[in-house]
Amino acid sequence: MRLNAAQQEAVDCIDGPCLVLAGAGSGKTRVIIAKITSLIRDHGFLPRTICAITFTNKAANEMKSRLRADLGEEVAKEIWISTFHSLGQSILRAEHARLGMGRDFTLYTDHEVHNVLRDIIREHFPQYAEKEGEQGAIQSALAAIARWKGALVAPPDVAPRDLNSMIYERYDSYLKSCQAVDFEDLISLSTALLRDHEDLAQKWGRAFEYVLVDEYQDTNETQYQLLRQLTSVHQRFTVVGDDDQSIYSWRGARPENINSLAGDYPGLHVVKLEQNYRSTRRILNCANTLISHNPHLFEKRLFSELPEGERIELVACDDEQAEAAFVAADIQRLTFEGGLRHSDIAVLYRGNYQATPLESAFKMAQIPYVVSNGDSIFDHPEVKDILCWCRLIANPKDDQALLRVINIPNRRIGADTIKALRLCATLNGNSIYETLLDPRTESSLSPAQMKALSGFIVTLSTLRGFLLARKDATLVDSLVHHLDYERYIKANSSTAKSAEFKLRLVSDVMAMIGRQVAGKRGEAKVPFATAVSRLLLRETLERREDGTGGNVVQLMTLHASKGLEFPRVYLIGLEDGVLPNRNTMEDAYQGLEEERRLAYVGITRARASLCLSYCTTKKIRGQVQPLMPSVFLTELPEGDLQRINPRRTRQLASIRGLDDVLAMLRE
DNA sequence: CAATATCTCCTTTTT
DNA sequence: GGAGATATTG
């Protein structure tokens with residue numbers, strides 16, 4: 001498809017910094033792809049000097065496959081396409097020595113970070129937990145630490161010494177003793193590294209002659225700093241963003257980074273994309289009217305030359321079961337009679353928990369569906385166990401992994417033994433692994449305990465010797481085999497069938513690691529530790545069925561829907577307290593604005609047809625409670641809405657309208 | 001030390 | 001109304 005004037009302008013601006021303000025559906029992905037293609041074909045950039053950064057793996061994969069289609073496998077695989085986090089991980093793995101870390105450091109997930117902080121507070125600051133409640137203390141420490149890391153302040157440099165700063169210090173040294181980093185470290189340590197080492201700043205600044213950032217409004221402080229450093233040598237980059245779609249401020253995103261650019265780069269070229277190619281004029285009008293209730297950083301007016309389209313449907317249901325049943329019945333109507341494919345449809349909602357009633361209604365109606373970001377293969381305890389074994393093999397200092405698997409399979413190592421071990425470890429500031437090997441430890445434990453522990457040490461060192469020597473996919477089989485994991489799972493499963501299921505999950509995950517280590521699929525061979533932390537970053541999830549693949553309805557949160565589009569969209573749960581979510585209202589009106597943007601993102605996912613629904617009652621904590629419709633419904637243009645009675649089956653007439661619109665969209 | 005019963009927190013979004 | 005952590009038994 002041809003580019004319009006503004007899109008072409010954005011593609012052609014290559015000599016300096018370029019900011020593209022891209023409204024929803026204005027073809028920003030097309031611009032990014034066209035620009036990368038043009039950089040390579042028309043301007044002689046080498047593919048490996050181009051770096052494109054996205055926020056989700058989903059977006060990165062999408063970009064990869066589109067570039068593969070345009071440029072071919074050979075060229076496309078050379079381009080650096082990654083999320084900020086995985087780029088940070090690459091930098092840290094390459095430069096680990098400067099940080100005084102081994103190459104095989106571990107990535108701690110939020111869950112582990114939470115547990116670490118909980119243990120620190122329990123052990124060293126019990127009065128803190130008593131005063132604020134344990135959860136409150138953890139939350140407060142977590143927020144403070146995130147703030148310091150975001151501002152690149154190391155524990156010794158924290159100015160007013162308070163409780164949180166002491167926790168920060170303990171936390172930091174604990175992570176170091178485990179040779180572990182957290183998600184935020186992937187970026188903040190990379191940034192600090194380039195800040196403190198001029199040669200590295202030069203090296204990485206030269207590596208990328210052109211940098212592109214998608215969803216720029218979602219960058220936080222450190223990500224912006226990293227971008228500045230990566231582009232410091234050539235000063236050539238394009239960032240694409242839309243402040244109306246900023247929905248991650250809760251994790252530190254600063255849409256103001258859009259404004260900072262103009263100050264930091266006086267030569268900044270700004271391009272606005274205001275023509276929407278995605279949605280009917282009615283859908284766009286709804287979206288525009290809703291978002292006009294928010295203040296704006298940049299004035300922009302989205303317009304569309306597409307047909308007016310059908311009115312937006314508005315459905316009031318009795319409760320969430322009725323709502324789910326309505327959506328299911330409506331989808332059946334549209335697919336049986338309306339000729340819509342299941343994959344043309346998405347159901348969007350605020351929280352993951354809202355998927356449950358939909359799932360049961362869809363199962364009942366035999367509607368094929370996928371829940372994205374729903375329960376992942378990595379959430380199964382058996383998979384977590386085996387992954388912790390992998391982490392431990394790569395990095396034995398990884399205390400959190402060690403504590404999880406020290407008694408898996410059963411080795412008769414119990415709570416008392418672990419308690420004694422941890423005491424020794426904290427006393428010497430060592431990891432538990434080091435403590436196990438320390439001769440001084442023996443005096444603190446009984447002979448029986450020592451015997452059980454030495455069994456564990458032998459197993460671990462055998463596995464390390466065995467696995468780290470291998471560079472092929474068989475290593476994963478040998479892990480399961482050596483642990484006698486099959487027997488362990490069978491012993492802990494109620495039925496043979498569930499044991500089989502669990503083993504299947506485990507071997508799937510191990511196959512993912514095996515593929516990377518062996519360098520299958522034309523990808524580069526990857527060290528064991530990297531392969532494992534890619535799983536923790538969820539980088540290697542099996543590719544989603546795209547279009548042709550699974551013909552299924554997609555269920556997802558509004559956050560997960562960003563960047564996607566569907567002919568028919570259901571946006572459910574438009575109740576006061578749900579969307580806008582009650583818990584976000586604390587930070588005054590800021591919260592409401594972000595919730596409104598969330599609704600805006602949902603509405604603008606729809607191409608031809610949109611259905612909004614809400615419930616008048618819902619079961620909350622077991623109690624049925626009445627609910628008010630969302631304020632956002634009152635902010636939509638009345639004339640573009642059409643109330644639907646969920647109890648009455650509808651006529652084909654309304655489907656024909658949809659058909660026409662779809663046909664015009666396909667032109 | 002392991003298996004079962006009871007309690008407590010939380011249900012916002014994700015790399 | 002559910003998961004996960006802790007207390008209580010065998």
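Below, chains carry the letters A, B, ... as their sequence lines are ordered, and counting in each starts from 1.
Atom NZ in A:Lys451 sits about 15 Å away from atom C1' in B:dC1, given to the nearest Å. Rounded to a whole Å, the CD atom of A:Gln245 is 15 Å from the C1' atom of B:dT13. Regarding A:Asp379, its CG atom lies at a distance of 15 Å from the C1' atom of B:dT11, rounded to whole Å. In this structure, A:Tyr353 places its OH atom 8 Å from P of B:dT13, rounding to the nearest Å.
Nucleic acid contact for A:Phe84: none, since no nucleic acid atom lies under 4.0 Å from a heavy atom of the residue. At a threshold of 4.0 angstrom between heavy atoms, the contacts of A:Arg251 include nucleobase atoms, whether or not backbone atoms are also involved.
Taking the ring centre of A:Phe105 as origin, the terminal cationic atom of A:Arg93 falls inside the region bounded by 6.0 Å and 45° from the ring axis.
If you check B:dT13, B:dT15, C:dA5 against the side chain of A:Thr56, the one that comes closest is B:dT15. Minimum atom distance to the side chain of A:Arg122 is reached by C:dT6, of the listed B:dA2, B:dT14, C:dT6. Distance from the side chain of A:Ala560 is smallest to B:dT14 among B:dT14, B:dT12, C:dG1. Out of B:dC1, B:dT13, C:dA5, the shortest distance to the side chain of A:Asp416 is found at B:dC1. Proximity note for A:Arg118 (side chain, C-beta onward) versus C:dA5, B:dT14, B:dA2: the nearest is C:dA5. You'll find that the side chain of A:Asn410 is closest to B:dA2, out of B:dT15, B:dT14, B:dA2. Distances from the side chain of A:His85 to the nucleotides B:dC1, B:dT15, C:dG1 place B:dT15 closest.
Atom CZ of A:Arg195 sits in a crowded spot, with more than 12 heavy atoms from other residues, nucleotides or ligands closer than 6.0 Å.
With the nearest nucleotide of DNA chain B identified for both A:Asn407 and A:Leu598, A:Asn407 has the one nearer the 5' end. Remark on DNA chain B: of its neighbouring residues A:Asp110 and A:Arg350, the 5'-side contact belongs to A:Arg350, judged by nearest-heavy-atom nucleotide.
Between A:Phe456 and A:Trp389, the ring-plane angle classifies as tilted under the 30° and 60° cut-offs.
Taking side-chain N and O atoms only, A:Thr557 has no distance below 4.0 Å to OP1 or OP2 of B:dT12. Put simply, A:Ser86 has no side-chain N or O that comes within less than 4.0 Å of OP1 or OP2 on B:dT15. Side-chain nitrogen and oxygen atoms of A:Asn352 include at least one within less than 4.0 Å of the OP1 or OP2 phosphate oxygen of B:dT14. For A:Asn581, no side-chain nitrogen or oxygen approaches OP1 or OP2 of B:dT11 to under 4.0 Å.
Distance check on atom C1': B:dT12 versus C:dA5 gives 23 Å, rounded to whole Å.
Without hydrogens or angle criteria, A:Tyr216 side chain to A:Asn257 main chain gives a donor-acceptor distance under 3.5 Å.
The aromatic ring of A:Trp250 does not sit over the base of B:dT12; the criterion of centres under 5.5 Å apart with planes under 30° is not met.
Of the listed residues (A:Leu574, A:Thr557, A:Leu598), just one forms a side-chain contact (heavy atoms from CB on, under 4.5 Å) with A:Arg350, and that residue is A:Leu598.
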